[in-house]
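Here is the structure we will look at, set down as structure tokens.
Chain letters run A, B, ... following the sequence lines, proteins first and then strands; every chain starts at 1.
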There are 4 protein chains.
Amino acid sequence: MAEEPTHPRSVRAKDSVLCATRELLDEGGLPAASVDAISARSGVSKATIYKHWPCRAAVAAEAFGRRMADAIPLPDTGSARGDLAEQVRRVSAFYGGDSGKVFAQLLAACVTDPAGAPYFRQFFLATRWEGIAELWQRAQDRGEVDAGVGAGTAMDVLFGPLIFRLLTGHAPLTEAEADTLSSAALDGLLSSVRGESS
Amino acid sequence: MAEEPTHPRSVRAKDSVLCATRELLDEGGLPAASVDAISARSGVSKATIYKHWPCRAAVAAEAFGRRMADAIPLPDTGSARGDLAEQVRRVSAFYGGDSGKVFAQLLAACVTDPAGAPYFRQFFLATRWEGIAELWQRAQDRGEVDAGVGAGTAMDVLFGPLIFRLLTGHAPLTEAEADTLSSAALDGLLSSVRGESS
Amino acid sequence: MAEEPTHPRSVRAKDSVLCATRELLDEGGLPAASVDAISARSGVSKATIYKHWPCRAAVAAEAFGRRMADAIPLPDTGSARGDLAEQVRRVSAFYGGDSGKVFAQLLAACVTDPAGAPYFRQFFLATRWEGIAELWQRAQDRGEVDAGVGAGTAMDVLFGPLIFRLLTGHAPLTEAEADTLSSAALDGLLSSVRGESS
Amino acid sequence: MAEEPTHPRSVRAKDSVLCATRELLDEGGLPAASVDAISARSGVSKATIYKHWPCRAAVAAEAFGRRMADAIPLPDTGSARGDLAEQVRRVSAFYGGDSGKVFAQLLAACVTDPAGAPYFRQFFLATRWEGIAELWQRAQDRGEVDAGVGAGTAMDVLFGPLIFRLLTGHAPLTEAEADTLSSAALDGLLSSVRGESS
DNA sequence: GAGTAACCGAGACGGTACGTCCTGTCTTGGA
DNA sequence: TCCAAGACAGGACGTACCGTCTCGGTTACTC
């Protein structure tokens, strides 16, 4: 406790802000996490908040980012296909839940307000990318993957459809649907050679 | 068209609004298409606008929707794979251009303001869905597609990645990337039998 | 009933409008008597309403005017002073009650919207003026009044203070206050006997 | 005044608002002094205006109040009756001029929107009351007044008739009429000598 | 008794002001 | 020296009401 004051004040301020923002996001989604509300709850002034982040979306992205990473641990089923399918299932479940709504609001906010986009990428996509890269490495090691496809492409093809559905709501995000999408993505849409695919 | 003055007033008002909105979207994107600006340019009062649409995003979606449909005619290359790949290429090009930015803003606005979502689905997704359904039907007729995969799933897997990239900007939307994504989606990510993929 | 249709339609429409307006004024004061509300409740279209009256305040003045006349019958106490004082008391009581608020709103509306002023004068002041003129005539017949003072002046001096208080609310409109005001005013207005006045 | 920039910002904002409002009132009366117009001319945002005043009428009352006080200095003719009659004459002249119209609009607005009433009382009536109280005190000191009549009653009886005429327009506000009214009222209010009144 | 003209209900519309909200900057005073 | 507290400009929001207008159907006169 004695060395708590040695933390630069800015660190304590950032923590307070992120903590308060998390609470507000949980309580009322992104609309509830207005800068005024964050300032009031955290006891950190608006000026200070804007000294650390360029816009509201950036704060929210940083506050919410880890939550998602924690909520979606990497699976290890023994096969690359199993791992990837399970990961799609987990991400779909996350998107389909309450947090998914907040995630969508955040993504939307970072479109509206481009200053937040780098934060969104850093605190959401980077983490996700690392997970997929690891699974993809395992798959490569096992020779399960098409050598011509990169991890980035895989991420897009596997999770893009989920985000599409999350944002537009044109189709549900159930577990069954997640499996359908991951199967299609993993196997391919066209009827080349099948049999091993579900 | 001689009877234009006999159009019910509501029709004329809607036309004015949609036309003005299109212009504003072209000039400054969604932020420029505020309800006040639409009202001022169209000569239609705000109250009337809110009588016809629930929110700004709905107006913009309707105004911008057809533009996209017109900009992306259905291809007919002779093969289902070719048609689908070409369609992905065209949609990617659309997203990558100026219109893509507006499209992203619109999608984001419909997340923020759910009242607009049905309009977005009607004026963007419905059109897209019809196109894909037709291509998919051709493909089924030719026996090129995996019978177990529906057109809806195909749409998600083919275009979800593009939307993912459009919104987050984590990867470019070039033609080459579009081909990579469509190949991966159409063939599948896993290494069954490869080589015939473009 | 058979000859009801012989009434010009306009007469029925006016009656419906005035009746509906009275109800609305009773329920929520002048703000509740919007033209839309009057139209809806009376079944008479707004266009027709505006054919008969120049503005909302005019309708309300006509609708509310008789109410006040009915509520304040002329007193007859045997002396001019007694009659006038009693009349001030009655008007004060009217102003102090619920109707007083509506009266004030109406007067205010006719200031804001001068088209209504003639209606206000016709349906409120004319009636009042007639009453005062009659009392004043009685007083003259009895030789109680200062011959140099006209009935108009008397009306202003007796009721002006009440209206002043009603509108600004700077002092109450109780019966005792009414007597104080009328005493002060009557001592000046009545010529003959001075001394018995408080 | 060198420290003008050090004035708390709120003071500068209030000054700007009141100044702009005065101008607008002069140019087009109360209807011209919409909150939007005040905001635009003063450079003070609407939100700030609503932080300092509860409604438009309150702003206008404060802006216009002093003007009236300045325009009507207290007379000193040597006799209480003379002072009071002169004061009635001056107030009548004020009401009869352009400012009278604005005054009437303001009073009406404070009836319509009760949130403004305290401001009206503070910035119009309080000043008036102080003036009358002083004149009344002089009169009492000279023994000219009826001891049973308070200054408040005097104010109502003297100025109520003017306000009545101002608002309803049922009679003119000329100097001659003002004298007629003040004579009638003062004969009642002043105790001592009767008969020499005009 | 059909034709015709006036009239009216219903309500959409332009216009205007409203009062609220939130963002991101700027100022002040205290620690 | 740094920060909380919060005032501020700017600008969009969605609502409310007014008074005008357009439409289509009904009514009440005319022939």
- Task: Hey, which sits more toward the 5' end of DNA chain F by its nearest nucleotide, Tyr50(C) or Lys51(D)?
- Result: Lys51(D)
- Note on the structure: Per the under-4.0 Å heavy-atom filter, residues of residues 101-118 of chain C near DNA chain F come out as Asp113(C)
- Task: Could you check which of dT23(E), dG9(E), dC18(E) has an atom nearest any side-chain atom of Arg56(D)?
- Result: dC18(E)
- To the nearest angstrom, how far is Ile49(B) atom CD1 from dA12(E) atom C1'? 14 Å
- Message: Can you list, in residue-number order, the parts of residues 19-43 of chain B that come under 4.0 Å of DNA chain E, counting heavy atoms only?
- Response: Gly43(B)
- Query: If you round to the nearest 0.5 Å, how far is CG of Leu24(A) from OG of Ser34(A)?
  - Reply: 7.5 Å
- State whether His52(B) places a side-chain N or O below 4.0 Å from either non-bridging phosphate oxygen (OP1 or OP2) of dC13(E). yes
- Item | Side chain to side chain, Arg41(C) and Glu27(C), heavy atoms closer than 4.5 Å | yes
- Take Pro54(D) and Ser45(C), find for each the nucleotide of DNA chain E with the closest heavy atom, and name the residue whose nucleotide sits nearer the 5' end. Ser45(C)
So which protein nitrogen or oxygen atoms get under 3.5 Å of nucleotides 29-31 of chain E's nitrogens or oxygens?
none

- Query: Should the pair Phe64(D) and Phe124(D) be assigned to parallel (<30°), tilted (30 to 60°) or perpendicular (>60°) ring geometry?
  - Reply: tilted
- Message: Would you compute the distance between atom CG of Leu107(A) and atom CG of Leu125(A) and round it to the nearest 0.5 angstrom?
- Response: 8.5 Å
- Straight-line distance of Glu23(A) CD to Ser42(A) OG, nearest 0.5 Å: 10.0 Å
- From NZ of Lys46(C) across to C1' of dC17(F) the rounded distance in Å is 8 Å
- Query: Between dC3(F) atom P and Lys14(A) atom NZ, what is the distance in whole Å?
  - Reply: 13 Å
- Just wondering, do Leu30(B) and Arg56(B) contact through their side chains at under 4.5 Å, heavy atoms? yes
- Query: Where the side chain of Thr48(C) is defined as all heavy atoms beyond and including C-beta, which of dA10(E), dC8(E), dG15(E) is the nearest nucleotide?
  - Reply: dC8(E)
- Message: When you compare the side chain of Asp26(B) with that of Arg67(B), does any pair of heavy atoms fall below 4.5 Å?
- Response: yes
- Query: Heavy atoms, side chains only, cut-off 4.5 Å: are Cys110(B) and Arg121(B) in contact?
  - Reply: no
- To the nearest 0.5 Å, how far apart are CH2 in Trp53(D) and CD1 in Ile38(D)? 8.5 Å
- Query: Do the side chain of Thr112(A) and the main chain of Ala108(A) share a donor and acceptor less than 3.5 angstrom apart?
  - Reply: yes
- Quick one: are Cys55(A) and Tyr119(A) in side-chain contact, heavy atoms under 4.5 Å? no
